[in-house]
Amino acid sequence: MNPPNQKKEERTIMARNQEEHHLLSTEIVNRGMESSSGSMTFSVRVRRRLPDFVQSVNLKYVKLGYHYLINHGIYLATLPVLVLVFSAEVGSLSREELWRKLWDSTARYDLATVLAFFGVFVFTLSVYFMSRPRSIYLLNFACYRPHDNLKVSKEEIIEQARKSGKFDEASLQFQKRILESSGIGDETYLPKAIMSGENCSTMKEGRAEASMVMFGALDELFEKTHVRPKDVGVLVVNCSIFNPTPSLSAMIINHYKMRGNILSFNLGGMGCSAGIIALDLARDMLQANPNNYAVVVSTEMVGYNWYPGKERSMLIPNCFFRMGCSALLLSNRRPDYRRAKYRLEHIVRTHKGADDRSFRCIYQEEDEQRFKGIRVSKDLMEIGGDALKTNITTLGPLVLPFSEQLLFFATLVWRHFLFGGGSGGSGSSAGSQPSNSKPYIPDYKLAFEHFCVHAASKQVLDELQRNLELSDKNMEASRTTLHRFGNTSSSSIWYELAYLEAKQRVKRGDRIWQLSFGSGFKCNSAVWRSLRSITKPPTNNNPWL
């Protein structure tokens with residue numbers, strides 16, 4: 001390569017290094033195009049950041065959130081009116097007049113009429129209590145912490161990748177740059193299969209990794225809750241990549257000798273947001289099966305999907321994903337209210353799979369060398385931001401204080417009528433709006449005391465903090481989890497809640513927002529309310545000890 005082309009390449013590499021500090025995806029430089037002189041040329045493609053939520057809010061998702069609210073809030077709206085009318089009627093009578101009026105009214109009817117009235121009243125009351133959703137309680141949860149001999153530093157990962165002989169120098173340098181800007185520390189965990197000379201994982205090693213993390217988390221869970229495995233009526237396991245036969249749920253049932261009529265489910269291929277999807281399924285099963293326990297296991301087998309190729313967009317998961325597993329014990333038994341930690345308040349799920357770009361932004365496939373891996377699109381930040389905006393817009397009316405809802409809704413309606421539907425942000429009339437006509441974005445810090453945002457990467461957390469205007473303390477659990485354990489996929493939100501408990505920050509009545517997103521493309525939210533304060537220091541069962 002001649003000196004001018006060499007200088008051009010050096011300048012391009014320097015620009016690429018600067019961009020990778022701010023962007024999630026890694027296909028910044030496209031190679032493979034040769035000029036007429038035979039020298040290699042480079043094309044720098046700068047990606048879009050997470051969309052600014054204050055620029056546009058889709059009105060239909062706001063209406064959907066209010067639809068959820070009205071369906072459950074109509075009783076709260078009519079009850080004060082009935083109480084007011086009854087109080088006005090009774091308040092005008094003295095005690096003697098009230099008793100005389102009741103006695104005269106009762107004397108007009110015979111015994112059969114009175115009994116029929118009370119029968120209808122009791123029947124109506126019974127139907128109401130039987131038809132309303134049961135409260136779902138989280139008795140406890142456990143997060144698996146692997147053995148210390150599985151700890152790896154960023155330098156060790158690169159060195160082992162070099163020794164394996166599967167990566168060229170350009171791929172090694174690329175992974176090194178991504179790791180340095182990832183926000184991941186030097187004490188995360190990887191299976192031995194990855195750190196061995198082969199640098200790959202077989203089905204046997206995948207089962208061994210699954211047994212290690214799942215049984216480790218479940219052993220801690222059953223020890224904490226003192227619930228026998230045979231008492232569990234519902235089991236939901238989610239793991240996106242590794243789905244053997246028999247399934248992971250069957251492995252758990254066989255290991256703990258669970259009962260034969262257990263309702264078991266195994267969710268696969270649903271990405272990092274599958275933990276809340278599994279929680280939603282367990283909630284529905286508990287609503288249909290009273291007086292029962294449900295166990296939800298969320299994990300990912302890192303070693304089984306380790307990519308040994310050279311495609312940069314498929315090397316990203318190697319840099320971020322680490323070992324981890326969480327196990328939850330849910331109950332719908334009313335007596336468990338006294339010993340439960342949290343009550344499930346809301347679950348809001350958003351799925352953008354109907355859009356082709358969203359569907360393919362995180363895609364498992366084979367490269368030109370027929371190596372299997374997960375390709376991460378350069379449009380991930382934009383697509384994820386759109387799904388997140390839809391999800392939080394729907395969630396807002398369910399959780400925000402009335403004052404915030406009033407300001408948000410009034411501003412939205414004002415923009416919609418004054419500027420001709422400007423809430424969509426994409427119509428032709430939007431361009432005629434003045435620059436100061438941004439909608440009022442609610443302060444979600446007034447709705448939640450704690451935030452558990454999926455620890456995908458440092459860049460994603462930075463963009464979420466900026467758009468939602470969260471403080472460093474709000475993001476502390478997510479950033480610390482990413483640094484200490486890496487991206488543990490669907491279980492990361494539970495490592496974050498375990499961190500908040502270890503810091504003794506969770507008080508009685510606090511609201512916790514768990515937010516996850518993943519392939520599909522999906523964005524899901526779960527809202528919990530704390531039933532008691534966590535005042536005890538962390539024990540041996542806490543991964544943050």
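In this chain, residues are counted from 1 in sequence order. The figures here come from the full heavy-atom set of this structure, side chains too, leaving out hydrogens, waters and symmetry mates. Bear in mind the structure is a predicted one, so any value in this text is a computation, not a measurement.
- Judged purely by distance below 3.5 Å, without hydrogens or angles, the side chains of Q514 and W528 pair a donor atom with an acceptor atom.
- Counted within 6.0 Å of CZ on F359, heavy atoms from surrounding residues, nucleotides or ligands total 12 or fewer; the atom is thus considered open.
- Remark: D280 engages R283 in a salt bridge, criterion side-chain N to carboxylate O under 4.0 Å.
- In this structure the side chain of L179 never reaches within 4.5 angstrom of the side chain of F320, judged on heavy atoms.
- For N266 (side chain) and S249 (main-chain N/O), a donor-acceptor pair under 3.5 Å exists by modelled atom type.
- Ring geometry, F141 versus Y342: the interplanar angle falls from 30° to 60°, so the pair is classed tilted.
- Residue K503 places its NZ atom among 12 or fewer non-hydrogen atoms of other residues, nucleotides or ligands, all under 6.0 Å distant.
- For R508, the side chain to side chain contact (heavy atoms under 4.5 Å, CB included) partners at least two apart in sequence or on another chain are Y337, S533.
- In this structure, a donor-acceptor pair under 3.5 Å is absent between the side chains of E469 and Y444.
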Checklist entry - Can D462 and K458 be said to form a salt bridge (Lys or Arg N to Asp or Glu O under 4.0 Å), step by step? => result CA-CA 6 Å; D462 288 343; K458 179 179 181 297; 3.1 Å; yes

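- When the side chain to side chain contact (heavy atoms under 4.5 Å, CB included) test is applied to S478, the partners found at least two apart in sequence or on another chain are V453, L461, E496.
- Residues N305 and N318 come closest through the heavy atom pair O-OD1, 4.4 Å.
- Between I276 and S516 the shortest heavy-atom distance is CD1-OG, 3.4 Å.
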Checklist entry - Yes or no on side chain to side chain donor-acceptor pair (under 3.5 Å) for D472 and Q465, after CA distance, side-chain angles and deciding distance? => result CA-CA 8 Å; D472 290 338; Q465 180 178 4; 2.7 Å; yes

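- Every residue meeting the side chain to side chain contact (heavy atoms under 4.5 Å, CB included) condition with R207, not counting sequence neighbours, appears here in chain and number order: M203, F242, P244, P246, M251.
- The shortest distance between side-chain heavy atoms of I512 and E449 does not fall below 4.5 Å.
- With N474 contributing its side chain and S471 its backbone, the two residues share a donor-acceptor pair below 3.5 Å.
- One finds the OH atom of Y144 at 10.5 Å from the OG1 atom of T299 (value rounded to the nearest 0.5 Å).
- Between F448 and W513, the ring planes are parallel. Angles under 30° get that label, and only those over 60° would be called perpendicular.
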